[in-house]
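Every chain is numbered from 1 and lettered A, B, ... according to where its sequence line falls, protein lines coming before strand lines.
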Amino acid sequence: MPDPTYTKTELMICVAARLFEDASTCFIGTGIPMLAAMLASKTSAPNLVPVFEFGGLGALLEELPRAVGEARTFHKALAASGICDTMETAQRGFIDYGFLGGAQIDPYGNLNSIVIGDHDHPKARLPGSGGGNDVGSHSWRTVAIMQHDTRRFVQKLDFITTPGFLSGPGAREAAGLPRGTGPIAVVSTLALMDYDPVTCRMRLKATHPGVTIEEVVANTGFELIIPDKIDANLAPSAEELRLLREEIDPEKLYI
Amino acid sequence: MPDPTYTKTELMICVAARLFEDASTCFIGTGIPMLAAMLASKTSAPNLVPVFEFGGLGALLEELPRAVGEARTFHKALAASGICDTMETAQRGFIDYGFLGGAQIDPYGNLNSIVIGDHDHPKARLPGSGGGNDVGSHSWRTVAIMQHDTRRFVQKLDFITTPGFLSGPGAREAAGLPRGTGPIAVVSTLALMDYDPVTCRMRLKATHPGVTIEEVVANTGFELIIPDKIDANLAPSAEELRLLREEIDPEKLYI
Amino acid sequence: MAVMEGEWRVLESGRGELIQPFDLDEFREWNRTKKTRKLTDKRMSEQEAISRFVYDGCYIGTELYGTVRCPMSLARELVRQGKKNLRVCGQGVLELDLWLSAGLVKKLDITYIGLEVYGTSSALRRAVESGQVVTCVEWSNGAISWRMKAAAMGVPFLPTRSMLGTDTFHYSAAKLVADPFTGAIVALLPALILDVALIHVHRADQYGNAQIEGISGFSAEMARAAKRLIISAEEIVSTDEIRKYPERTIIPYYLVDAVVHAPYGSHPGEMAYIYGRDEPEIKAWVEASKTAEGAQAYLDKFVLGVKDHFEYLKLIGEDKLKACVELREKRY
Amino acid sequence: MAVMEGEWRVLESGRGELIQPFDLDEFREWNRTKKTRKLTDKRMSEQEAISRFVYDGCYIGTELYGTVRCPMSLARELVRQGKKNLRVCGQGVLELDLWLSAGLVKKLDITYIGLEVYGTSSALRRAVESGQVVTCVEWSNGAISWRMKAAAMGVPFLPTRSMLGTDTFHYSAAKLVADPFTGAIVALLPALILDVALIHVHRADQYGNAQIEGISGFSAEMARAAKRLIISAEEIVSTDEIRKYPERTIIPYYLVDAVVHAPYGSHPGEMAYIYGRDEPEIKAWVEASKTAEGAQAYLDKFVLGVKDHFEYLKLIGEDKLKACVELREKRY
């Protein structure tokens, strides 16, 4: 029996965790991606190879890291080098997945984490690219994890920080980005999205329990492709929730 | 009293050793430069910082290295990194001196260590640049150490492996080489040479004991500048010889 | 073989300002004349190091990252001395927040300034949105690290496939060219030579030979890319100890201008294998920094209100520091 | 933003052949599909490693350098298997001498092949002067290392101020351009992606996580620049041992295709902190290699005349190996 007390964030983490492929190399950013990676490594992806941009590779995720450079990112790791080595490893094609956040996402999966409003006279200055642009440029596949509302899912970004499909089919390759790379999914608080292979536009793939298609559409600031067949994401299992609450984030930093 | 039993090689090593500046960083190549560096560090340059291209920096030269990568090049060293770090350190301007050998040298101090005859159909294939070209490009000052004869001191090299002054004044800078760098001396089995500051051509500076100017000229395959005043190099001191024979090269690998 | 500037065909140039122009031959000359090869005792206090080597308007950077092996005792001393109009590169958490809140930063080569798990930086927002920081030039974390790596290598640029196709490129000072070997498009990142760099390490000898445990972040690159380098170290060790394991020297002495003995120098951040994060003290800044007044009160108490790092540690108190040591990462 | 090849203005191109053309996207695809991220046991014998991953005509390189931490047991096995038409990069002492004498090398990206203290290489002279080696493309030691570093970084080229103004440049495959930021002239070194690399290390686990003591040479760069990587190791250690000091992993497992346990794998060369050089055995090659017949006799005895590395060690004999151990570099 699923535990009905789960939160939207817990659900989002569980749906994201299920996307991790076992024995793959994954760039893990601060926050939700860390919880998802840790949950995945305790469930379906025990051989996951987490990569943290400042040098940790193949750490055992026994405790939740709270920053991308802290000791837990290289706890019993296979290697601990530096950011250049890690980013070059990605540039060389060794990183399978990147898990990213952002303040805004557009229909092509481009992300903004730099500024709301005009760059030089911003309404809101956001933290910046960090490793986001690098992760989105070099990882084979990227997954965005986002709160779902119309301020975040927008037709046009105020600033393209991290490349999704840029302006659409072929645009990544034309810009010089590595062949065959790009976003594959968005996990939000409402649903799981993927991308239409022809148009490269975002497409609803599966709704979360209790969420209607209309709710997803109403919270999306651009035209989302709604295919005929839409899956339903499973609610967090009791075991997923137990792991999240007792082992992964007992201090409730995120959940 | 100088020991009259010294060899030409021992003398050459002593004259080269006296050129080392204390507390300077010096690229040391295999062979005679190693003996000279070791002698210098035991006499006038106790704070010499030897740099070996494959990564050894600041080693204590307690035993003679027999290769530029072997353990004696990083014996009790301050750092042991790799060739890229070392060459980049040079490219950044941190290496004061480079001590080089070669098969041929021309009036501008360019060196050949690649080929005798035509490159693609050689009379003699020599070992190659090794680190020579890098040392000659990036070190602030380079010193060549050579046997002195007309086959080695030639008007025109068969191949410019390592840059001296190239074609003359301003040529290094025009080629893009770092500003203010270049050869400063040649230590041979007959004499010590430097370079005329105006023409950048090789100039006799000091003859070895018992060697006449005529002998130097006769063994030089190009017109050597002979200034009015020529110094005389001192013979090896008894202590220099003792160090060389007993402490530096007791196995007589070189001397 | 004289060449006109720009004779290369550049496909596109980022519109961002190159806020720290570079001259490799001048850098070489600096490295020749201002960096002694002598083994000299470079130990000094935070006060002396900051006052001797940091100056108003300089281009400065800190390694690693806010709460992780970050030279916090140097960052706080810089605030006490009120060095201003700083041009700053890269990523930051607490350390850049302090400088921004103290109004010391004029221009940023920015990659990330935020509070990690605690979200965005209010200090950054206030400083940028008010116009106090007059310029933000955008880069990715990889790009800014490679810019230092270019300087460390002694070359004018490095190519990358990061930043392509995005506004991150358009608001950077990178240039787009085609690789002459294959025709592929790459961005060229200009070398970044810092006026001053601050790096915190596990141990150093009195001359500056420095060793780091765990990830090395961008310490190797930044140390080699800086005209002045201040090292703070948890522990000062003998040079014999350095010579025993020369492969662990990540920063050789000749790069270093000052060695500051700073136990708990990364507090309230962590130092792998020595102490863990001081979460309550980090949260204190997160809360305080939400308003300008709160930030000022924090600065007044924890930075301006103490004379030096040792007074700061006394203010924090031995019990809290001991608790951090308990939380340290261990080698099994 | 389609770009024609060569739209960059190149001031000059070296006339040397790019004997190993590269395609970064193809390398990425290789790294994606042919390099597992799984921790799999990769231990195998020299025979198996060479026969599975080295092939006629491949582009191959060895690290470090002849008599120093060099994968000699792999080099000898390659001769036994007679892999031919090799294209080879870089520097070499004994190991390349063996291949040259056995007539296995067709093209060279050459920096240095010689016998160090013992002078020039007769094997090289015979092979090049006879035309058996059909092409020598010239590079400096720095340049060839940076070419591997470019591949390791995943970029098409790296700039350098080496090789400028010399025939070394003219007989290389580098290109001369002006830096678009400052107008300075630099040489662009094309990325070098090796088909196979052989590296000898102090210790590795069964998956290939490898650690090196002392200087690292160009191991980090070569390991990352190769499509196939064979590691030989003096010692096989547990993965727990690797995880205890992750900062010492210079080659992570996913780069590695084969792990060969090869005690005395560098013999007659040295292995810092484990054993020193076997000077008499090195001299034996120096003398033997002066003539083609002598070289063949050496090969017959020490390489072709033994079945594998363990037979080779038996031939050398325990006493000599023990003597080498006595001569090892020590940590004080």
So what's closer than 4.5 Å to chain D heavy atoms on [X]: side chain, backbone, both or neither?
{"X": "A:Ala90", "value": "backbone"}
{"X": "A:His75", "value": "neither"}
{"X": "A:Leu78", "value": "both"}

Given that the side chain runs from C-beta out, which part of D:Ile250 has a heavy atom under 4.5 Å from chain A: side chain, backbone, both or neither?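 Neither part.
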
Heavy-atom distances under 4.5 Å only: say whether D:Asp25 touches chain A with side chain, backbone, both or neither.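 Both parts, backbone and side chain.
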
Which class fits the ring pair A:Phe165 and A:Tyr195: parallel under 30°, tilted 30 to 60°, perpendicular over 60°?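 Rings of A:Phe165 and A:Tyr195: perpendicular, over 60°.
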
Is the closest basic N to carboxylate O distance between [X] and [Y] below 4.0 Å?
{"X": "D:Asp240", "Y": "A:Lys76", "value": "no"}
{"X": "D:Asp109", "Y": "D:Arg87", "value": "no"}
{"X": "A:Lys42", "Y": "A:Glu247", "value": "yes"}

Main-chain N/O of A:Ala206 paired with A:Asn233 side-chain donor or acceptor, under 3.5 Å: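 Confirmed, A:Asn233 side chain pairs with A:Ala206 backbone.
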
Hydrogens and angles aside, do A:Asp85 and A:Ser81 bring a side-chain donor and acceptor to less than 3.5 Å of each other?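 Checked: A:Asp85/A:Ser81 side chains pair up, N/O donor to acceptor below 3.5 Å.
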
Chain A contacts, top residue of D:Glu247, D:Lys35, D:Met153 (heavy-atom pairs, under 4.5 Å):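 Among the listed options, the one with the most contacts to chain A is D:Met153.
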
Please rank D:Glu26, D:Arg32, D:Lys244, D:Glu29 by heavy-atom pairs under 4.5 Å with chain A and give me the top one.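 Going by pairs under 4.5 Å, I would pick D:Arg32.
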
